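Quick caveat: nothing in here was measured; it's all calculated off a predicted structure. Both backbone and side-chain heavy atoms feed into the values below; hydrogens, waters and symmetry mates do not.
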Amino acid sequence: MGINSEVKTKAVFLDRDGVVNQVVILEGKPFPPDNLKELVILPGVITGIKILKKNGFRVFIITNQPDVARGKTPISIVEEINSFLTSTLDIDEIFCCFHDSNDNCSCRKPKPGMILDAATKWNIDLHSSYMIGDRWRDIDCAKAAGVSSILLKYDYDEKVSIPDFEGTNFEDAINYILTK
């Protein structure tokens with residue numbers, strides 16, 4: 001079966017920083033690692049992704065990386081981290097937005113562009129799919145795309161959106177998905 005087969009498949013979309021890997025908290029807000037040496041994959045992620053794959057899910061990372069547009073992080077650093085994650089985790093693809101909010105692109109979460117692009121490319125049934133995130137942008141993106149939203153609650157100092165399910169770690173999210 002090729003990527004664009006007639007049968008639609010279900011998927012789990014993962015935010016990167018705070019869901020797949022540890023973030024750096026500064027003044028109550030999460031930030032990505034500055035480089036590959038600082039990257040720490042969170043507990044349960046490797047096993048959880050394997051479980052999702054065994055249960056017929058495609059798995060994607062969708063991530064905003066606005067520090068590239070802001071000139072704070074070279075695109076090569078983001079690509080190096082993403083390449084490492086692709087080679088380490090059993091994910092199908094990483095979709096990355098390098099824009100800032102002022103760019104008004106369709107891919108920057110909370111807009112659903114990255115999920116919709118993945119759905120088209122990989123023939124995803126959005127109504128049977130999930131988004132796991134740690135911020136309001138992830139939850140609003142999931143709602144805009146028509147996928148179920150799962151929030152990993154870390155009590156960041158920012159706006160809050162109400163998800164379909166709230167957990168404290170990746171294992172909570174996987175257990176919720178598998179009971180649906």
Side-chain angles (χ1 to χ4, degrees), residues 11-49 52 59-118 130-145 147 149-161 163 166-174:
V12 177
F13 300 95
L14 309 173
D15 177 46
R16 194 187 85 177
D17 305 311
V19 173
V20 172
N21 59 270
Q22 192 171 23
V23 293
V24 176
I25 304 293
L26 299 172
E27 298 178 8
K29 301 220 185 285
F31 292 91
D34 284 335
N35 54 56
L36 184 57
K37 289 179 185 176
E38 291 183 6
L39 182 75
V40 176
I41 296 175
L42 288 168
V45 169
I46 293 171
T47 301
I49 290 172
L52 289 171
V59 180
F60 303 96
I61 292 175
I62 61 168
T63 181
N64 288 346
Q65 296 297 320
D67 286 347
V68 171
R70 295 171 187 160
K72 294 179 180 177
T73 303
I75 196 168
S76 61
I77 297 292
V78 176
E79 290 173 342
E80 181 181 28
I81 290 170
N82 288 349
S83 178
F84 175 81
L85 291 172
T86 300
S87 68
T88 303
L89 305 173
D90 190 11
I91 57 170
D92 293 288
E93 188 171 351
I94 295 177
F95 291 82
C96 196
C97 174
F98 298 109
H99 303 107
D100 203 349
S101 297
N102 296 337
D103 294 328
N104 198 27
C105 64
S106 63
C107 54
R108 181 167 165 75
K109 295 179 286 181
K111 292 182 180 176
M114 289 186 282
I115 289 178
L116 299 178
D117 288 347
Y130 300 84
M131 170 73 196
I132 304 173
D134 65 328
R135 302 182 74 184
W136 71 270
R137 289 179 178 278
D138 303 316
I139 302 311
D140 287 3
C141 175
K143 291 176 182 179
V147 303
S149 58
I150 300 170
L151 177 68
L152 300 186
K153 184 80 169 138
Y154 296 130
D155 293 322
Y156 298 141
D157 184 19
E158 64 179 15
K159 174 182 168 178
V160 176
S161 289
E166 188 175 295
T168 58
N169 57 45
F170 202 78
E171 186 177 339
D172 288 346
I174 300 308

Roughly how far, to the nearest 0.5 Å, is [atom2] of [Y] from [atom1] of [X]?
X: Thr168; Y: Leu152; atom1: OG1; atom2: CG; result: 8.0 Å
X: Ile77; Y: Gln65; atom1: CD1; atom2: CD; result: 11.5 Å
X: Glu80; Y: Asn35; atom1: CD; atom2: CG; result: 7.5 Å
X: Ile94; Y: Met114; atom1: CD1; atom2: CE; result: 11.5 Å
X: Ile25; Y: Tyr156; atom1: CD1; atom2: OH; result: 4.5 Å

Does CD in Glu171 sit with more than 12 non-hydrogen atoms of other residues, nucleotides or ligands closer than 6.0 Å?
-> no

So does Lys109 pair up with Asp15, basic N to acidic O under 4.0 Å?
-> yes

I'd like to know if the side chain of [X] reaches the main chain of [Y], judged simply by a donor and an acceptor atom lying under 3.5 Å from each other, with no hydrogens or angles considered.
X: Asn169; Y: Asp172; result: yes
X: Lys29; Y: Asp157; result: yes
X: Lys143; Y: Pro110; result: no
X: Asn21; Y: Leu39; result: no
X: Thr88; Y: Phe84; result: yes

Go through Asp140 and Lys111 one step at a time and tell me if the salt bridge (charged side-chain N to carboxylate O under 4.0 Å, His left out) criterion holds.
-> CA-CA 8 Å; Asp140 287 3; Lys111 292 182 180 176; over 6 Å; no

Cut-off 3.5 Å, side chains only: do Arg16 and Asn64 have a donor facing an acceptor?
-> no

Applying side chain to side chain contact (heavy atoms under 4.5 Å, CB included) between Val20 and each of Ile132, Leu42, Leu89, Asp134, report the one that passes.
-> Leu89

Residues in side chain to side chain contact (heavy atoms under 4.5 Å, CB included) with Ala11, at least two apart?
-> Phe13, Arg58, Phe60, Ile124, Ser129

Go through Asp138 and Arg135 one step at a time and tell me if the salt bridge (charged side-chain N to carboxylate O under 4.0 Å, His left out) criterion holds.
-> CA-CA 6 Å; Asp138 303 316; Arg135 302 182 74 184; over 6 Å; no

